[in-house]
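Since this is a predicted model, take the numbers as computed values, not measurements. Just so we're on the same page: letters track the sequence lines, and every chain starts at 1.
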Number of protein chains: 2
Amino acid sequence: MYTIGQVAEMFQLPISTLRYYDKEGLLPGIERKSGRRLFSDVEIEALHVIECLKASGLEIREIRQFMKWCIEGAETYGKRKELFEARKKAVEEEMTRLQKTLDLIRFKCWYYEQAIKDGTEEKLQAMIPDKLPKELRELYDNGHQ
Amino acid sequence: MYTIGQVAEMFQLPISTLRYYDKEGLLPGIERKSGRRLFSDVEIEALHVIECLKASGLEIREIRQFMKWCIEGAETYGKRKELFEARKKAVEEEMTRLQKTLDLIRFKCWYYEQAIKDGTEEKLQAMIPDKLPKELRELYDNGHQ
DNA sequence: TCTTGACCTAAAGTCAAGTTTAGGTTTTAT
DNA sequence: ATAAAACCTAAACTTGACTTTAGGTCAAGA
């Protein structure tokens with residue numbers, strides 16, 4: 001059993017955030033001793049799942065719904081599985097989007113490196129097709145028609 | 001030259017968002033004709049960069065700073081390059097985090113699939129070490145000590 | 001025992017990123 | 001020429017996820 005302060009340290013979260021999660025129903029059934037929260041392994045696991053679902057882009061209100069399903073037992077296995085399947089899809093899409101973002105960023109890094117060498121963007125603009133490394137070429141052709 | 005409505009269609013963004021970006025200084029020097037915004041190739045390119053920087057996690061206020069640097073010319077090439085280098089690092093870190101998130105999500109998908117087959121979580125908890133596919137094994141050992 | 005640090009609640013405040021509203025002007029199609 | 005469609009501004013409103021504040025309770029060490 002851990003105090004709120006210990007858990008805050010463990011997860012590198014402010015205490016106020018843990019209280020907020022509890023108030024929002026993300027830690028249903030957390031034990032108390034003379035008013036103070038007692039975090040057990042169940043709550044530690046719940047917090048790992050909360051961090052996972054948050055990172056996947058889920059909102060607090062939807063995480064609360066998931067926690068409710070957990071309490072309802074076996075009849076909600078299907079809903080819970082579907083939720084994770086949907087999160088899987090969302091995260092995979094986000095990673096694809098980030099990969100495209102990264103491609104453009106890499107181009108911009110190259111671009112400014114050249115501009116610094118050349119001392120100006122003016123000359124560079126015309127010379128891009130010649131100078132651009134092969135691995136950035138397709139990106140440039142797509143991204144700038 | 002495009003009208004705000006055409007650009008909204010092009011980027012699948014609400015018109016109000018484009019006006020907001022302009023008001024926040026993300027489209028400096030945009031032309032006007034009798035009060036109406038005229039988006040040229042410069043603004044279209046700016047919007048691509050805005051979407052990229054937003055996707056990388058940059059805030060509006062920092063994008064505005066970048067746009068100011070663009071106007072200042074050659075003396076800010078270094079700053080602009082450093083900004084993109086920093087964004088590259090941030091996006092790479094975010095992708096690493098999302099990969100970990102995805103690993104846990106995949107475990108949960110497997111877990112609920114098993115629970116549905118078995119009809120209960122109870123039995124499953126004890127059987128995890130035996131049933132868990134090899135590729136999810138390390139995750140389980142790390143994630144649950 | 002006493003006091004200091006850790007905990008509690010309810011309610012108000014903050015912040016970013018838009019969105020909506022209200023009231024007005026301009027362009028375009030009939 | 002006129003009416004609908006598209007545009008404009010300023011200012012207020014919204015939303016989500018916290019954080020801060022104010023005022024109090026509890027417990028463990030000196």
>> I want to verify a distance call: between D:dA17, D:dC8, C:dT9, whose nearest atom is closest to the A:Ile60 side chain?
In response: D:dA17
> Does the side chain of B:Thr96 pick up a donor-acceptor pair with the side chain of B:Gln99 at under 3.5 Å?
Replying inline: no
> For the pair made of OH in A:Tyr21 and P in D:dG16, what is the distance, rounded to whole Å?
Replying inline: 15 Å
> So does A:Lys89 pair up with A:Glu93, basic N to acidic O under 4.0 Å?
Replying inline: yes
>> Nearest whole Å is fine: how far is C:dA10 P from A:Lys23 NZ?
In response: 8 Å
>> Rounding to an integer number of Å, can you tell me how far A:Glu24 CD sits from C:dT9 P?
In response: 13 Å
> D:dC8 phosphate, OP1 or OP2: any side-chain N/O from B:Arg37 under 4.0 angstrom?
Replying inline: yes
>> Given C:dG18, D:dC18, D:dC7, identify the nucleotide with an atom nearest to the side chain of B:Lys54.
In response: C:dG18
>> Between C1' on D:dC7 and CG on B:Asp22, what's the gap in Å once rounded to a whole number?
In response: 13 Å
>> Between the side chains of B:Lys108 and A:Glu45, is the shortest nitrogen-to-carboxylate-oxygen separation below 4.0 Å, so that they form an ion pair?
In response: yes
> B:Ile4 side chain: which of D:dC7, C:dT19, C:dC8 is closest?
Replying inline: D:dC7
> If you check the A:Ser34 side chain, which of D:dT19, D:dC26, D:dC8 turns out closest?
Replying inline: D:dC26
>> Side chain of B:Thr3 only, heavy atoms from C-beta on: which candidate in D:dC7, C:dA16, C:dT9 is closest?
In response: D:dC7
>> Measure CZ/B:Arg19 against C1'/D:dA11 and give the value in whole Å, please.
In response: 14 Å
> Stepwise, does the side chain to side chain contact (heavy atoms under 4.5 Å, CB included) test hold for A:Phe84 with A:Leu53?
Replying inline: CA-CA 9 Å; A:Phe84 278 107; A:Leu53 291 176; 3.8 Å; yes
>> By nearest heavy atom, map A:Pro14 and B:Gly5 onto DNA chain D; which one lands nearer the 5' end?
In response: B:Gly5
> Below 3.5 Å, does any donor atom in the side chain of A:Arg36 face an acceptor in the base of D:dC26, or the other way round?
Replying inline: yes
>> In whole Å, I'd like the distance from the OH atom of A:Tyr20 to the P atom of D:dT20.
In response: 15 Å
>> Whole angstroms only, please: what is the CZ-P distance between B:Phe39 and D:dC8?
In response: 7 Å
> Any ion pair linking B:Arg97 and A:Glu94 (charged N to carboxylate O, less than 4.0 Å)?
Replying inline: no
> Counting any heavy atom closer than 4.0 Å, what does A:Glu59 reach on the DNA or RNA strands: base, sugar-phosphate only, or nothing?
Replying inline: sugar-phosphate
>> Whole angstroms only, please: what is the CZ-P distance between B:Arg32 and D:dA6?
In response: 19 Å
>> Judged by each residue's nearest nucleotide on DNA chain C, which is more toward the 5′ side, B:Arg61 or B:Thr17?
In response: B:Arg61
